[in-house]
Amino acid sequence: MENIRELALDMLMEILERGEYSHLVIRNVLDKYHYLDLRDKAFVKRVTEGTLERLIQIDYVLDQFSKVPVLKMKPLIRNLMRMSVYQLLFMDQIPDSAVCNEAVKLAGKRGFKGLSGFVNGVLRNIARNRDAIIYPDERTHRVKALSVRCSMPQWLIEFWDQAYGQDRTEAILKGLLSEHPVTVRLKEGLSVEERKAWLTALAGQRIEVQPHPYLSYAFRLKGTEGVRSIPGYEEGLFVVQDVSSMLAVEAAGVSGSIKNEVEENGAQQKGKASEEELLVVDVCGAPGGKSLHMAEKLRGRGNVISRDLTEYKVSLIEDNIERTGYTNIEAQVYDAGVFDESLVEKADVVLADLPCSGLGIIGKKRDIKYRASRETMQELTVLQRRIFDTVWRYVKPGGVLIYSTCTINPDENENMVQWFVENHPFKLQSLAPYLPQALKDEGETGKMQFFPGIHETDGFFIARMVRI
């Protein structure tokens, strides 16, 4: 039988010591050990993700109780202590004695029997004195206190304070630490009976289902351990996708008559174009959520080209195409920064969900906040401009360019759009007609920043621009 704590430890070593991406490590391990009991898989996932999420707070606590600073500990002991402290502070259902005893056993098993006393002593001291832990005072050291309590780097809190104000920043921090159920987009073409059968199958696996308040085909699922095990996955009944990403597709307006919109926006056309000719190009499409959503919206009235940089990323799109069965979509390996003359003024819609800092999805990919820096964010704005300078030429006159990111950074979002419309033949157009009632007022300007803790989505940005 697998030692589930050892699995969590090995994952943390991969992520924190070797720099691997958390979502890939967790997914690969859960796939490899698919035969584990659901409770064991849930435990491994929670301990790994929770330790990453609360890492700054955990290290702060360890440094109070350990004579050896966290960063001076041997890597395996450091991460063993971290995951054990997470269990002591945030998993009340596990007895303190079990946490300490299992940590001591694991230290010995992995060749550190001589440090068993250290591991045991520090952990039991924390367990006895958890209510006496001294945290920074928020009245005198607000940023430091928030950094520790919310496990967010201080520079990022200061960055958001300056960009959005303290109240909104604190709402973002709270939102990122809230529970993040799996959000799926159910195929809109399912019959009432098929939808009921899917919901019944979920209930049979004790998966809790909550309809999303923004879109009728979006659902939140709780109690899932591995997407592939959710009923309907292999049959292609749904795609895992955040509602913010779904709204980016809604913003393109293809469920209505996009051709009429193109004509109204000033396109010069020789004859009346039919919707059969509609072309959508997703320039950074992997893993394919928006591309597939767009293919469904077209309902056979047009085609989608979904591109990405590497064969691996495009294979993810192809896997999803095969699983969902759409025939009006093609995946291609192509660098969005390289000009493709064959697409000049051919696209009715270009989706540009460009590489970004990912700050809006920290709640799902916890290691992002430890990798981010002001320098990498600045580098990304340069890349975004380079891609923008290339792909805008694919949009027909009167056609639509949807820009989106999964980050919370004005330079990658509002300021990027401002630069774009000032230097290219595009204008912003209201998002309001394409948003749910609760969001219409916020979309009037043609661009919208979604905030975790304020909106029912990830942190995300959408702008709708029309070629003049």
Side-chain angles (χ1 to χ4, degrees), residues 4-5 7-17 19-23 25-26 42-66 69-71 73 75-94 96 98-100 102-103 119 122-123 125-127 129-136 138 141-157 160 169-181 358-372 452-453 458-459:
I4 56 175
R5 283 182 170 83
L7 287 181
L9 175 59
D10 287 338
M11 285 198 283
L12 289 170
M13 290 292 288
E14 287 291 315
I15 298 161
L16 294 174
E17 304 300 333
E20 300 295 335
Y21 290 102
S22 64
H23 66 291
V25 171
I26 293 168
F43 177 86
V44 169
K45 189 169 185 283
R46 179 170 175 192
V47 169
T48 306
E49 291 181 340
T51 302
L52 292 172
E53 186 165 69
R54 296 286 186 171
L55 191 64
I56 292 175
Q57 182 177 359
I58 289 168
D59 285 359
Y60 178 87
V61 171
L62 273 169
D63 281 339
Q64 272 192 47
F65 288 87
S66 170
V70 173
L71 297 181
M73 294 177 186
L76 187 132
I77 296 299
R78 172 166 57 235
N79 289 293
L80 176 59
M81 298 294 276
R82 285 167 164 169
M83 60 179 270
S84 301
V85 171
Y86 177 77
Q87 293 168 70
L88 290 174
L89 298 185
F90 298 104
M91 298 181 74
D92 295 338
Q93 72 275 25
I94 303 176
D96 293 346
V99 175
C100 299
E102 291 299 321
V119 170
V122 172
L123 293 179
N125 198 11
I126 292 172
N129 297 285
R130 62 163 64 85
D131 295 331
I133 296 170
I134 301 170
Y135 288 103
E138 194 166 335
H141 299 91
R142 174 182 167 275
V143 173
K144 173 71 172 176
L146 286 172
S147 175
V148 172
R149 287 286 193 182
C150 301
S151 281
M152 189 66 65
Q154 290 189 53
W155 75 266
L156 199 41
I157 296 173
W160 283 334
T169 295
E170 291 175 26
I172 293 170
L173 295 174
K174 184 178 179 181
L176 289 172
L177 285 175
S178 64
E179 187 178 4
H180 294 275
L359 303 180
I361 54 173
I362 286 173
K364 295 176 179 175
K365 299 180 180 180
R366 284 83 174 170
D367 49 327
I368 287 175
K369 57 187 172 183
Y370 311 120
R371 299 175 186 271
D458 288 339

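Note: hydrogens, waters and symmetry copies are ignored here, and every other heavy atom, side chains too, is used. Everything numeric in this text was worked out from a predicted model, so none of it was measured.
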(request) Verify, without hydrogens or angle tests, whether Gln154 (side chain) and Val143 (backbone) share a donor-acceptor contact under 3.5 angstrom. (result) no
(request) Check Gly360 against Leu176 and note the closest heavy-atom contact, atom names and distance. (result) O-CD2, 4.2 Å
(request) Heavy atoms only: give me the nearest Arg366-Lys364 pair and the separation to one decimal. (result) NH1-O, 3.2 Å
(request) Output yes when a side-chain donor or acceptor of Arg130 lies under 3.5 Å from a complementary backbone atom of Leu88, and no otherwise. (result) yes
(message) Could you tell me if the side chain of Gln64 sits less than 4.5 Å from the side chain of Ile134, heavy atoms only?
(response) yes
(message) Minimum heavy-atom separation for Asp63 and Pro69, please, with both atom names.
(response) OD1-CA, 3.4 Å
(request) Check Pro75 against Met13 and note the closest heavy-atom contact, atom names and distance. (result) O-SD, 3.7 Å
(request) Calculate, to the nearest 0.5 Å, the distance between atoms CZ and CG belonging to Arg78 and Leu71 respectively. (result) 6.0 Å
(request) Please tell me if the side chains of Met91 and Val47 come closer than 4.5 Å, counting only heavy atoms from C-beta onward. (result) yes
(request) Report the distance from atom CG of Leu52 to atom CG of Leu12, rounding to the nearest 0.5 Å. (result) 5.5 Å
(message) Restricting to non-hydrogen atoms, name the atom on Val99 and the atom on Ser84 that form the minimum distance, rounded to 0.1 Å.
(response) CG1-O, 3.5 Å
(message) Keeping Gln87 on the side-chain end and Met83 on the backbone end, is there a donor-acceptor pair under 3.5 Å?
(response) yes
(request) Could you go through the side-chain contact (heavy atoms from CB on, under 4.5 Å) check for Phe65 and Val85 one step at a time? (result) CA-CA 11 Å; Phe65 288 87; Val85 171; over 6 Å; no
(message) If you apply the rule side-chain contact (heavy atoms from CB on, under 4.5 Å), what do you find for Ile58 with Met81, and how did you get there?
(response) CA-CA 9 Å; Ile58 289 168; Met81 298 294 276; over 6 Å; no
(message) To the closest 0.5 Å, what do you measure between OH (Tyr21) and CZ (Arg371)?
(response) 5.0 Å
(request) Please round to the nearest 0.5 Å and tell me the distance separating atom CG of Leu55 and atom NZ of Lys369. (result) 8.0 Å
(message) I'd like to check Arg54 versus Leu177 (side-chain heavy atoms, cut-off strictly below 4.5 Å). Are they in contact?
(response) yes
(request) State, with a plain yes or no, whether a side-chain heavy atom of Tyr60 is found less than 4.5 Å away from one of Ile56. (result) no
(request) Answer whether the closest heavy-atom distance between the side chains of Ile15 and Thr48 falls below 4.5 Å. (result) yes
(message) Pairing donors with acceptors under 3.5 angstrom, does anything connect the side chains of Tyr86 and Glu53?
(response) no
(request) Would you mind reporting whether Leu359 and Ile172 have side-chain heavy atoms less than 4.5 Å apart? (result) no
(request) Output yes when Arg149 and Glu138 qualify as a salt bridge under the 4.0 Å nitrogen-oxygen rule, no when they do not. (result) no
(request) Give the intermediate values and the outcome of side-chain contact (heavy atoms from CB on, under 4.5 Å) for residues Arg82 and Leu62. (result) CA-CA 8 Å; Arg82 285 167 164 169; Leu62 273 169; 4.2 Å; yes
(message) For a quick test of reading the model, state the closest non-hydrogen atom pair linking Cys100 to Leu123 and the distance between them.
(response) SG-CB, 3.8 Å
(message) Return the CD1 to NE2 distance between Ile362 and His180, rounded to the nearest 0.5 Å.
(response) 10.0 Å
(request) Enter the distance from Asp59:CG to Ser151:OG here, rounded to the nearest 0.5 Å. (result) 8.5 Å
(message) Tell me whether the NZ or CZ atom of Arg46 lies within the 45° cone about the ring axis of Phe90 and under 6.0 Å from its centre.
(response) no
(request) For Lys174 and Glu170, run side-chain contact (heavy atoms from CB on, under 4.5 Å): C-alpha distance rounded to whole Å, both residues' side-chain angles, the deciding distance at 0.1 Å, then the answer. (result) CA-CA 6 Å; Lys174 184 178 179 181; Glu170 291 175 26; over 6 Å; no
